[in-house]
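Comments concern the structure below.
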Amino acid sequence: MSKLCILIGGSKGLGLALYNHYQQNGFTVEEFSRSGSGPHHHSVDLSRRESIDVIDARMQQLAAQGFQEIHLLINAGSLGPIGPLHMSEPKDWWHSIDINFTLPITILGRFQTVFRAVDARKVAAFVSSGAASHPFHGWSLYCANKAGVEQFVRTMAVEQSVEALPILCANLDPGVMDTGMQSEIRSATPEQFSLVEQFVQRHDAGGLAAPEAVAENTFNALIADFENGASLRVAGY
């Protein structure tokens with residue numbers, strides 16, 4: 001059985017763990033990021049809208065190759081700018097919206113179009129965050145972007161329910177992991193992020209899950225049957 005994973009943001013942290021886990025389980029992994037590597041890596045700056053042209057062109061090539069199972073995983077994201085909006089500038093806000101909201105929705109939309117007539121088990125999953133449902137001081141854009149894409153995925157699932165060859169859609173809650181984003185959080189000032197000390201304490205107490213555990217949970221959740229539009233908790237603890 002030929003299996004494909006289209007991985008958006010697979011160069012480090014959870015993305016790299018997903019890349020490795022899918023490869024080890026027999027999937028061809030097409031990975032898109034700035035700094036990834038491997039035979040199927042595609043170099044793109046995911047903060048720029050033009051990156052969709054590269055992703056779209058490759059998806060059209062892949063759609064003709066007869067895969068029997070196809071997973072799209074959207075893992076790329078950026079926390080910044082941290083802090084109430086008066087501490088940053090509109091250009092920083094637009095960058096956050098493009099990478100965390102505009103790009104995921106654009107990729108999901110093109111995935112629907114390109115693979116609509118492909119007869120395969122098709123899965124589209126978005127790596128979300130607890131910030132989608134819980135407001136955090138200093139994370140207004142990140143919270144809003146994650147919540148927005150989550151709702152898009154749920155609505156996409158409703159729309160796919162009437163398709164002849166539907167895509168299974170899922171939001172993924174990865175919990176708290178030991179990644180570069182966590183380092184960024186811990187480097188914030190209390191003025192930027194009032195809960196920074198709690199995150200420092202959690203790290204010091206060993207309370208962060210390994211990305212590899214989250215990647216394994218993600219893989220197991222997505223190869224199994226699940227309700228279309230589900231929110232799947234894949235935390236590594």
Side-chain angles (χ1 to χ4, degrees), residues 1-10 15 18-19 21-33 36 38-46 48-77 98-128 145 148-172 215 218-232 234:
M1 179 178 179
S2 56
K3 298 174 288 187
L4 169 69
C5 175
I6 300 170
L7 177 58
I8 311 299
L18 287 166
Y19 179 90
H21 200 82
Y22 268 83
Q23 269 206 326
Q24 291 161 9
N25 283 275
F27 277 70
T28 297
V29 183
E30 298 276 338
E31 188 271 329
F32 297 83
S33 67
H40 301 290
H41 165 67
H42 305 272
S43 181
V44 291
D45 182 349
L46 295 170
R48 299 184 64 84
R49 295 184 181 184
E50 303 84 73
S51 64
I52 189 59
D53 296 334
V54 176
I55 298 168
D56 185 82
R58 185 57 182 151
M59 285 199 300
Q60 292 189 51
Q61 294 171 344
L62 294 166
Q65 294 185 19
F67 291 100
Q68 295 166 288
E69 180 146 3
I70 302 164
H71 290 200
L72 168 66
L73 301 181
I74 300 180
N75 175 63
D98 272 353
I99 193 170
N100 292 315
F101 184 76
T102 305
L103 183 74
I105 286 176
T106 305
I107 294 171
L108 287 164
R110 290 305 299 161
F111 184 76
Q112 293 178 52
T113 302
V114 172
F115 289 93
R116 184 170 188 244
V118 174
D119 188 2
R121 183 177 186 269
K122 297 173 288 190
V123 174
F126 170 64
V127 178
S128 190
N145 289 327
V149 181
E150 276 204 8
Q151 185 70 336
F152 180 90
V153 170
R154 287 189 285 267
T155 306
M156 177 176 163
V158 172
E159 295 171 347
Q160 286 295 308
S161 68
V162 300
E163 290 287 326
L165 300 169
I167 299 167
L168 285 170
C169 309
N171 288 305
L172 305 175
T218 297
F219 179 83
N220 291 337
L222 295 180
I223 62 171
D225 292 332
F226 60 88
E227 182 180 358
N228 206 350
S231 294
L232 304 175
V234 294

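Just so it is clear, the structure is predicted and the values come from calculations on it, not from any experiment.
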What salt bridge (Lys or Arg N to Asp or Glu O under 4.0 Å) pairs are there with at least one residue in residues 54-63, not counting sequence neighbours?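 Every salt bridge (Lys or Arg N to Asp or Glu O under 4.0 Å) pair that includes a residue of residues 54-63, provided the two are not neighbours, is Glu30-Arg58, Asp56-Arg110.
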Got [X] and [Y] here, is their nearest side-chain heavy-atom distance under 4.5 Å?
X	Y	result
Leu7	Tyr22	no
Arg121	Leu168	yes
Phe111	Ile70	yes
Asp45	Glu50	no

Minimal non-hydrogen separation, Cys5 against Phe27, with atom names: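 Scanning both residues completely, I find the closest heavy atoms to be N-CD2, 3.8 Å.
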For Ser33, which residues count as a side-chain contact (heavy atoms from CB on, under 4.5 Å) partner, sequence neighbours excluded?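 Counting only residues at least two positions away or on another chain, Ser33 forms a side-chain contact (heavy atoms from CB on, under 4.5 Å) with Ser11, Glu31, His41.
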Please name all residues satisfying salt bridge (Lys or Arg N to Asp or Glu O under 4.0 Å) with Glu163, sequence neighbours left out, ordered by chain then number.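 With sequence neighbours excluded, Glu163 shows a salt bridge (Lys or Arg N to Asp or Glu O under 4.0 Å) to Arg116, given in chain and number order.
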Nearest 0.5 Å, what's the [atom1]-[atom2] distance between [X] and [Y]?
X	Y	atom1	atom2	result
Gln68	Asp119	CD	CG	9.5 Å
Ile55	Ile74	CD1	CD1	8.5 Å
Leu72	Leu222	CG	CG	10.5 Å

So does Glu227 have more than 12 non-hydrogen atoms from other groups sitting under 6.0 Å from CD?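 Open: at most 12 neighbouring heavy atoms sit under 6.0 Å from CD of Glu227.
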